[in-house]
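Presented below is the structure to which this report refers.
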Number of protein chains: 2
Amino acid sequence: MTYSPDEFRERLREAGLSVTAQRLALGRLIFSDGDRHVNAEQLRAEAAAARVKVSLATIYNTLRQFAAADMLREVAVDAGRSYFDTNLTEHHHFFHEDEGRLEDIPADSLTVSGLPVAPDGTGIHRVDVIVRVRTNSSEI
Amino acid sequence: MTYSPDEFRERLREAGLSVTAQRLALGRLIFSDGDRHVNAEQLRAEAAAARVKVSLATIYNTLRQFAAADMLREVAVDAGRSYFDTNLTEHHHFFHEDEGRLEDIPADSLTVSGLPVAPDGTGIHRVDVIVRVRTNSSEI
DNA sequence: GTGTTTGCAAAGTGTTTGCAATTTA
DNA sequence: TAAATTGCAAACACTTTGCAAACAC
C-alpha cells in the first residue's frame, strides 16, 4: 500500500484519528515503500535512523490503531512478536524462520481449494497460509 | 496421537528424556484423549483438576521438550500464546478467534495447490493453513 | 478551550532461566 | 553417586496502561 500525503491525512480522519506528527512520521515509514511487513521493534529502529522522535508506546499504539482502522493487517506467525502487513489484498506469506522475516506470496500463485464449511454458528473471517521456509543447510 | 503407557515411556527414552512422574502425568493429560490442542495455561488447569503436582515452569519445559522431540507440533495462531498439537499428521486448523481455540481440519478436505517455489537458498519446512472463524453475530 | 494524543515509567502477560533440593538411572 | 529434573522466584521479551504535559481541532 502507498498513500499520497493528502490521502494519508484523509485516511486518518476516516479512521477517526487526529493528524499528529507521530502518526504522519510513522505512516511515512510504514507506507512509503510499497508492500512491506513491520513489527514494533523494526519500526522503532527505522524511526531512530530517520531521527523521528516517537516513543515505543506510541509505536505500539499506532500499529494497533492502524490495524483496527484496516490500514494494516496483523499476521500471526510467531508466538513472540506481532507482525503487520501493509498489503491488504488477498495473498499469503513465506515466513523465513531463521530470520523472522515475512515475504508476500501473490494470491494467484497459490490456491486453497476444498475449503471446509465453518463449524456451526461460525463464519470464516480469513484464511491464512504461511509457508515456513528455512535456509538450506550448505551443500557440498 | 495416543500412546500406551509403555509406548510413552519408550518414546521418552528415544527422545533422551528420563521418565519422571511429571512427564508421565503431563503425557497422560496431553496424549490420553486422541488428537488435541493444548497451551501451558490449559495444561496447568488440567493438572490442578487432576491433582497432579507440577510447576508451571515444568509445564513450559515439558511442552518445549515434547515439541523438540516431535511428540508435539507447535501451532502459531496468536502472537500472545503458544499452542501445541498432538496430531502430527498433515492437516490444517480452524482457529476460533472468539474463544482462542483450535480445531483440526483433516488434510484431505483442503488442498493447497500451486505452491510457489521457496525463495533462493531456502527450502519449505511446513505449510500452515489457518482458517480463522468467528461466532456469527446473532441474527433476527 | 476541550478533547485527543504523547511519553514516561510502571504494570501486565506469557515464557524462560539460575540454582538448590530432589529424583532418576 | 553422577547426571538429569524439578520448583521456586527472579528475569525476560513483548505489549499495554495510567496519568500529567503537550498538542490537535
Side-chain angles (χ1 to χ4, degrees), chain A residues 5-6 8-27 29 37-48 51-69 71-72 74-84 100-102, chain B residues 5-6 8-27 29 37-48 51-69 71-72 74-84 100-102:
Chain A
D6 282 359
F8 187 67
R9 287 179 141 83
E10 174 57 20
R11 198 65 199 73
L12 286 177
R13 284 196 206 90
E14 278 173 30
L17 298 170
S18 18
V19 177
T20 68
Q22 287 84 341
R23 297 212 261 245
L24 288 176
L26 292 177
L29 291 172
H37 306 93
V38 243
N39 65 39
E41 206 46 53
Q42 276 169 29
L43 197 50
R44 194 185 56 77
E46 290 181 28
R51 280 179 203 61
V52 168
K53 268 198 56 185
V54 215
S55 73
L56 191 54
T58 296
I59 290 178
Y60 276 108
N61 288 335
T62 302
L63 287 173
R64 205 151 27 86
Q65 289 156 346
F66 286 4
M71 299 164 68
L72 289 175
E74 190 167 357
V75 185
V77 276
D78 182 330
R81 285 176 223 304
S82 288
Y83 289 78
F84 296 88
R101 184 170 59 81
L102 281 167
Chain B
D6 281 357
F8 187 68
R9 286 179 142 82
E10 174 57 20
R11 198 66 198 71
L12 286 178
R13 283 195 208 91
E14 278 172 31
L17 298 169
S18 19
V19 177
T20 68
Q22 287 85 340
R23 296 212 259 246
L24 288 175
L26 293 176
L29 291 171
H37 307 93
V38 243
N39 64 40
E41 205 45 53
Q42 276 169 30
L43 197 50
R44 195 187 56 78
E46 289 181 28
R51 279 179 205 61
V52 169
K53 269 198 56 184
V54 215
S55 73
L56 192 53
T58 297
I59 290 178
Y60 275 106
N61 288 335
T62 303
L63 287 172
R64 206 152 25 88
Q65 290 157 345
F66 286 5
M71 301 163 69
L72 289 175
E74 189 167 358
V75 185
V77 276
D78 183 331
R81 287 176 221 304
S82 289
Y83 289 79
F84 296 87
R101 184 170 59 80
L102 280 167

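Per chain, numbering begins at 1; letters A, B, ... match sequence-line order. Treat the numbers as computed from the prediction; the structure is a model and nothing was measured.
Nucleotide dC8(D) holds its C1' atom 15 Å from the CZ atom of R44(B), rounded to whole Å. The interatomic distance linking L24(B) (CG) with dT24(C) (C1') rounds to 12 Å, in whole Å. Whole-Å rounding puts the Q42(B) CD to dG14(C) P distance at 12 Å. Across the protein-nucleic acid pair, R81(B) atom CZ and dT16(C) atom P stand 14 Å apart, rounded to whole Å. One can place CZ of R9(B) at 12 Å from C1' of dT24(C), the figure rounded to the nearest angstrom. As a whole-Å value, the separation of E41(B) CD from dT15(C) P is 9 Å. One interatomic measurement links the two molecules: CG of D78(A) to C1' of dC14(D), which rounds to 11 Å at whole-angstrom precision. In this structure, R13(A) atom CZ and dT4(C) atom P are separated by 16 Å, rounded to whole Å.
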(message) Could you walk me through whether S18(A) and R13(A) satisfy the side-chain contact (heavy atoms from CB on, under 4.5 Å) test, starting with their C-alpha distance in whole Å, then the side-chain angles of each, then the deciding distance to 0.1 Å, before giving a yes or no?
(response) CA-CA 6 Å; S18(A) 18; R13(A) 284 196 206 90; over 6 Å; no
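With rounding to the nearest 0.5 Å, the separation of CD in Q42(B) from CZ in F84(B) is 11.5 Å. To the nearest 0.5 Å, atom CG of residue D78(B) and atom CG of residue L102(B) are 9.5 Å apart. Distance OH/Y83(A) to CG/L72(A): 15.0 Å, rounded to 0.5 Å. A distance of 13.0 Å separates CG of N39(A) from CZ of R101(A), quoted to the nearest 0.5 Å.
At dT6(C), one or more side-chain N or O atoms of R23(A) fall inside 4.0 Å of OP1 or OP2 (strictly under the cut-off).
The shortest side-chain heavy-atom distance between R64(B) and E74(B) does not fall under the 4.5 Å cut-off. At least one side-chain heavy atom of I59(A) sits less than 4.5 Å from a side-chain heavy atom of L63(A). Side-chain contact between Q65(B) and T62(B): present, with at least one pair of heavy atoms (C-beta onward) separated by less than 4.5 Å. The shortest side-chain heavy-atom distance between F66(B) and L12(B) falls under the 4.5 Å cut-off. At a threshold of 4.5 Å between non-hydrogen side-chain atoms, the residues M71(B) and F8(B) count as touching.
DNA chain D is contacted by A57(A), Y60(A), N61(A), R64(A) of residues 55-64 of chain A, taking any non-hydrogen atom closer than 4.0 Å. For residues 15-22 of chain B, proximity to DNA chain C is found at S18(B), V19(B), defined as any non-hydrogen atom under 4.0 angstrom from a strand atom.
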(message) As a check on the pairing definition, encode DNA chain D in dot-bracket form, counting Watson-Crick and G-U wobble pairs whose two distances are under 3.5 Å, and using | for partners outside this strand.
(response) |||||||||||||||||||||||||
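With 3.5 Å as the limit, one finds no donor-acceptor pair spanning the side chains of T58(B) and Q22(B).
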